[in-house]
Novice: 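Got a structure for you, questions after.
Quick note: numbers below take in every heavy atom, side chains included, and nothing from hydrogens, waters or symmetry partners. Quick caveat, the model's predicted, so the values are computed rather than measured.
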There are 2 protein chains.
Amino acid sequence: MRPKNLEKEEAIRTIALQIISEEGLENLSMQKLAKAANVSPRTIYIKYENKEDFLIKLFIDEVLGAYEKAILEKFTPDMEFAAGVKKLWTNAFRYFKNNRHAFALMQYGKSSPLLNKAYQERDIKEGDYFAPVHRFFELNAKAGVIRKLPQEAYRALLFAPMFELVNEYFDFLERPKQIITDKLFADCCDAVIKGMLK
Amino acid sequence: MRPKNLEKEEAIRTIALQIISEEGLENLSMQKLAKAANVSPRTIYIKYENKEDFLIKLFIDEVLGAYEKAILEKFTPDMEFAAGVKKLWTNAFRYFKNNRHAFALMQYGKSSPLLNKAYQERDIKEGDYFAPVHRFFELNAKAGVIRKLPQEAYRALLFAPMFELVNEYFDFLERPKQIITDKLFADCCDAVIKGMLK
DNA sequence: CAAAAGTAAGTAAATGTTTGTTTACTTATA
DNA sequence: TATAAGTAAACAAACATTTACTTACTTTTG
């Protein structure tokens, strides 16, 4: 049996993210992707059932999974609140800086019904998705360090500004001067922390 | 000369937003839209040059413009900081609750390169886009009420969590119990305000 | 221990469908 | 009656996916 060429599999995923990032999800076609990845359309369909299946797996495995892993590096739920939040923010900033294309598909995850559905299904099925972060909030709320709010509110207050800053960071890459520096990022993180404290 | 039917023009825009919201931007085609709006494809091309032109105008006029108008209602740059932020948040929440389809396209504005480009061009051309909010931050920073940060950081800290909460609000509409209540929304607004104060 | 057989990986080209847009024509009103 | 608004049907190009075939490797066999 002919063994599969792992380089081709990776090229398909990598180039898909590139096209989505540069031209938009609505401009990604299977034929265009195959051509750009130097592969026959059929090759994509060996691994993925159809386009929908491909996009969902790309989103969940390549983007969500890698993001989750990166953000939780050296983070534990029992960290002191400010230190924990700073760790999550710096982890995320570092990861996205090095994975711009993944960030683009991540953003689509918030608007596209297809990916949104995938996200919610995963969230329900895998109860331990971001579980350490859940637990981190829970512990700090119990200890009276932060206000008691639903997890959804914690996520909105803590992560939404971070995403927006990363977005701005990429926008400014195409302009003469970058304003989203590590210093500014840290200042914003402080503001978010302060807002959540009791 | 036969006068144009304004109802048809509106149907085109309304139904486009509906399709984008329910099936995603990538599933909106001109022929599908025409059929759904009970109109010949040609009719769309009377007013709009092509699909790109249509989407950009839909995004800017129907979504951004209406959002801007709604959010600035009874808001002035000289308002006291907490009161001003609360006004912006409640205006936005009310507007989106009544315009779910517009919110969907708004979210795409952050991911789609096409709409993103349109957004940035508008932002540059019309210097007074959200000018009252700009000025509001400027005044409060000068007065020493809030930290001094770039406008981009203010926007990230102030608006990003609000958008995320609206997003959650719509997600929870399809579940047994709504958790994004006016009360929770107000609590989160307080947290954001507190974080920005000096 | 080489050569043949078996097999999944891979390709190029074609499938029928849907796409954005246009053509040739009709309709409604100033 | 002049004219822009509107329609139905058509256009080539691009779409997702499949068909029919070849390739490259593993395993079995003589």
Novice: Spell out, as yes or no, whether a donor-acceptor pair under 3.5 Å connects the side chain of Asn99(B) to the backbone of Ala102(B).
Specialist: no
Novice: Any donor-acceptor pair, under 3.5 Å, between the side chain of Arg2(B) and the base of dT3(D), if you only look at N and O atoms?
Specialist: no
Novice: Can a salt bridge be assigned to the pair Glu52(B) and Lys57(B) using a cut-off of 4.0 Å between side-chain N and carboxylate O?
Specialist: no
Novice: Distance check needed: dG10(C) C1' versus Asn38(A) CG, whole Å only.
Specialist: 13 Å
Novice: With respect to the phosphate group of dT11(C), does any side-chain polar atom (N or O) of Lys8(A) fall under 4.0 Å of OP1 or OP2?
Specialist: yes
Novice: How close or far is atom C1' of dT26(C) from atom CD1 of Ile46(B), stated in whole angstroms?
Specialist: 13 Å
Novice: Between atom CG in Asn5(A) and atom P in dT26(D), what is the gap in whole Å?
Specialist: 13 Å
Novice: For nucleotides 16-20 of chain D, tabulate all protein N/O to nucleotide N/O atom pairs closer than 3.5 Å, reporting atom names and distance.
Specialist:
residue	atom	partner	partner atom	Å
dA16(D)	OP1	Lys51(A)	NZ	2.6
dA16(D)	OP2	Met30(A)	N	2.6
dA16(D)	N7	Gln31(A)	NE2	3.3
dT17(D)	OP2	Tyr45(A)	OH	2.7
dT17(D)	OP2	Lys51(A)	N	2.8
dT17(D)	O5'	Tyr45(A)	OH	3.4

Novice: Figure out the CD1/P separation between Ile44(A) and dA12(C), and round it to whole Å.
Specialist: 13 Å
Novice: Set out, in order, the CA-CA distance, both residues' side-chain angles and the distance that settles salt bridge (charged side-chain N to carboxylate O under 4.0 Å, His left out) for Lys51(B) and Glu26(A), then state yes or no.
Specialist: CA-CA 12 Å; Lys51(B) 191 182 182 181; Glu26(A) 58 273 32; over 6 Å; no
Novice: Using ring centroids (six-membered ring only for Trp), state whether Phe96(B) and Tyr169(B) fall under 6.0 Å.
Specialist: no
Novice: Within this structure, what is the CG-to-P distance between Leu33(A) and dC15(D), rounded to whole angstrom?
Specialist: 11 Å
Novice: For the pair made of NZ in Lys35(B) and P in dA9(D), what is the distance, rounded to whole Å?
Specialist: 11 Å
Novice: Are the aromatic ring centres of Tyr45(A) and Phe54(A) under 6.0 angstrom apart?
Specialist: no
Novice: Which atom pair, heavy atoms only, marks the closest approach of Ala36(A) to Ile19(A)?
Specialist: CB-CD1, 4.3 Å
Novice: For Asn27(B) and dC15(D), what is the distance between atoms CG and P respectively, to the nearest whole Å?
Specialist: 14 Å
